[in-house]
There are 2 protein chains.
Amino acid sequence: MTDTAPRPTLEAVAARAGVSRATVSRVVNGGDGVRDILVERVRKAVEELGYVPNQAARSLVTRRHDAIAVVVAEPETRVFADPFFALQLRGISKELTAHDNQLVLLLTEGRDDHARVGRYLAGGHVDGALVFSLHLDDPLPELIQRAGVPTVFGGRPGWSGDRHGVAYVDSDNRGGARDAVRHLVGLGRTRIAHITGALDQTSAVDRLDGYRDVMVDADRRLIAEADFTPAGGERAMRELLDRCPDVDAVFAANDLTAAGALRVLRESGRRVPDDVAVIGFDDMLPVAEQTDPPLTTVRQDIEEMGRLMARLLLRGPDQGTRREGVGGTSSSVVLPTTLVRRASA
Amino acid sequence: MTDTAPRPTLEAVAARAGVSRATVSRVVNGGDGVRDILVERVRKAVEELGYVPNQAARSLVTRRHDAIAVVVAEPETRVFADPFFALQLRGISKELTAHDNQLVLLLTEGRDDHARVGRYLAGGHVDGALVFSLHLDDPLPELIQRAGVPTVFGGRPGWSGDRHGVAYVDSDNRGGARDAVRHLVGLGRTRIAHITGALDQTSAVDRLDGYRDVMVDADRRLIAEADFTPAGGERAMRELLDRCPDVDAVFAANDLTAAGALRVLRESGRRVPDDVAVIGFDDMLPVAEQTDPPLTTVRQDIEEMGRLMARLLLRGPDQGTRREGVGGTSSSVVLPTTLVRRASA
DNA sequence: CTGAAAGCGCTAACAC
DNA sequence: GTGTTAGCGCTTTCAG
């Protein structure tokens, strides 16, 4: 578990190149202000010896780590049941790699883990953190703020009294929801229902708000609460059918939920989209394309969200739009969504 | 991006507790051989100062990092389209956390990334690596071996001439496939087809072998090659229907493929399982439970695979079953699979 | 433009 | 048991 072969040090390279350690260091770190001849000699020595800088030693003096933590709160299995997380990670990874940063993944399962993560972040092991805060009452954001690590959140954090200058990247959930519902309206539907997501997550709340924006004085019975799962979607759809048999369209908070609704609709003998039009959210391919009929849905560019989070963090908190001041700056970003038309609406 | 507040050092704690740095160090690292009174005093000082050890300084001298790299080769989007990866990661994370190790995630997208990963691993930043080698011709394993980092592979690595003593964790793909096909046979089916996965991955090859184990002299036309995707499944199913209209069962290399096959079967007017029984592989819940009818499939415990990989790595290469010798030891593990019966077969 | 020297914060012998 | 001491490998003033 320890290093096997004793790796060459700066010293060794210096000796071989016939220069001082300082010079080698300079060359290794960008090599400005060193004569070309020496640069060449050092490069050669590095090559021959297979020298790789010792990051620990470097960090010790620079106090930087070129590493950022990605914290994923994972109380539910749900997030693992969809590729959301993986895609976001991919975007993050790409951006970090481009900036020579490492990605330290911190998965939390429960209360105990919060403390662990807090400690780790406070321990100054990383230069920043990317945090996915899934629930309104999540204690993590608080802990992290206290750890004093530059942070960007994935998805609008929902803690009460939004702190000043929290940086986050989110999809335009509300706008996307509006587009979906407007599309339904454009189809001539009048009894448009909404199956919500888990309302302790801002994305669910925002999508509900978007629905309400369009359906200003909608029948309250047209709103059924679910939790982003297929099972929840089925349950909600049954309720809906029960309360409002005349429903002619459903906007579900995500694709999984929509898939559940679809199934219940079919069972009940309704044809989609003829009798009831259905729209989902996410455009989670393996789900949206496989349903019967394929799902019309609101797409968000998940990978891009990840990339942006990383970019925002690496750029640092000082480059926001507003002037620095109380509470810092930290511009946040909200990405647009697009409606993807398939057969269900 | 740098540390903000100057954190207290061992020195500071020592001063406050009125002891030497060495004593504080001892207490911090397990505190054996220190008088209880002093332990107490040190603990208090640590608490009051909010002392957290500087990992860089520690690594510099111990040459350990308490960090392992997880390398995921990602040439295809496929892997991201299913929760496989996330589940495995979760298992790994749990085990590492339990042993106070950090998880450094390395995602590779293409050729350039290989070099980067190789350099990182060779750089001695981590104590070991967990590698998901997806394709037979993947250059990564080679690179990694050369880097001289203890490594455990996820899935049997497929490079020609299997090197001595490569540690890996895999599912019993072959056995699982056998179970599936036997189940089909038990159902009285005689024209049992197989839709393969991408045959440049050992899992696909092993599943095909399992099929052949049971269908010893099967009609060759009953085997159609696909690539683990739903689209591939559709294509293969069409071929199959074309070549052998009398097919009465299909064992697909994974659930996604099975889902595609299911769709084509329905289109063609076949009833499942009455006319054609279908079995998948993976038990990828969001897919297997959502198909119509729900999929009978071979389940593998993915999270456990991840956990085992980490355990194997942390335990070190010296504790294998065999004696140490040329090529080391490194016991590998193959996990059993179980058949999950749903409606499709 | 280059080298010498002083640590970064910690652990691990080795004395006491 | 506890303290003293010598680095781990690197960056970075500061001289030259």
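Chain identifiers are assigned alphabetically (A, B, ...) following the order of the sequence lines, protein sequences preceding nucleic acid strands; residue numbering begins at 1 within each chain. Any value given below was found using the heavy atoms of this structure, including those in side chains, with hydrogens, waters and symmetry copies removed.
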Could you tell me the separation between the [atom1] atom of [X] and the [atom2] atom of [Y], rounded to the nearest 0.5 Å?
| X | Y | atom1 | atom2 | value |
| --- | --- | --- | --- | --- |
| Q88(B) | D301(B) | CD | CG | 10.0 Å |
| L89(B) | L130(B) | CG | CG | 9.5 Å |
| E95(A) | R90(A) | CD | CZ | 14.5 Å |
| R63(B) | D127(B) | CZ | CG | 12.0 Å |
| T97(B) | L103(B) | OG1 | CG | 8.0 Å |
| D66(A) | S59(A) | CG | OG | 7.0 Å |

> If an axis is fit to five pairs at each end of the helix from dC1(C)-dG16(D) to dC16(C)-dG1(D), what is the angle between the two, to the nearest 10°?
Replying inline: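 Computed from the C1' atoms at both ends, the axes differ by 30°.
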
>> Using the rule given for side-chain hydrogen bond (donor to acceptor under 3.5 Å, both in side chains), can you reason through T23(A) versus R41(A), listing the C-alpha separation, both sets of side-chain angles and the distance that settles it, and then say yes or no?
In response: CA-CA 11 Å; T23(A) 299; R41(A) 282 227 303 270; over 6 Å; no

Can you give each donor-acceptor pair under 3.5 Å made by side-chain atoms of residues 28-40 of chain A, sequence neighbours left out, with the distance rounded to 0.1 Å?
| unit_1 | atom_1 | unit_2 | atom_2 | d |
| --- | --- | --- | --- | --- |
| N29(A) | OD1 | R58(A) | NH2 | 3.2 |
| N29(A) | ND2 | S25(A) | O | 2.7 |
| N29(A) | ND2 | S25(A) | OG | 3.4 |

> Which residues satisfy the side chain to side chain donor-acceptor pair (under 3.5 Å) test with Q102(A), sequence neighbours excluded?
Replying inline: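 Testing Q102(A) for side chain to side chain donor-acceptor pair (under 3.5 Å), a comparison that skips the adjacent residues, returns none.
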
> Could you run down nucleotides 8-16 of chain D 5' to 3' and tag each one B, S or - for protein heavy-atom contact under 4.0 Å?
Replying inline: BBBBBB---

> Going by heavy atoms closer than 4.0 Å, what residues in residues 33-46 of chain A are next to DNA chain D?
Replying inline: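 When residues 33-46 of chain A is checked for heavy atoms under 4.0 Å from DNA chain D, there are no hits whatsoever.
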
>> A side-chain contact here means heavy atoms from C-beta on lying under 4.5 Å apart; do L313(A) and P150(A) qualify?
In response: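 Yes - at least one pair of side-chain heavy atoms lies under 4.5 Å apart.
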
> So do the side chains of M309(A) and F132(A) get within less than 4.5 Å of each other, counting heavy atoms only?
Replying inline: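 M309(A) reaches F132(A) side chain to side chain.
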
>> If the threshold is 4.0 Å, N to carboxylate O, is there a salt bridge linking E47(B) and K44(B)?
In response: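 Here E47(B) does not pair with K44(B) in a salt bridge, since their nearest N and O are not under 4.0 Å apart.
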
> Which nucleotide of DNA chain C is the first, and which the last, in the 5' to 3' direction, to come under 4.0 Å of a heavy atom belonging to chain B?
Replying inline: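 Under 4.0 Å from chain B, the extent on DNA chain C is dG9(C) to dA13(C).
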
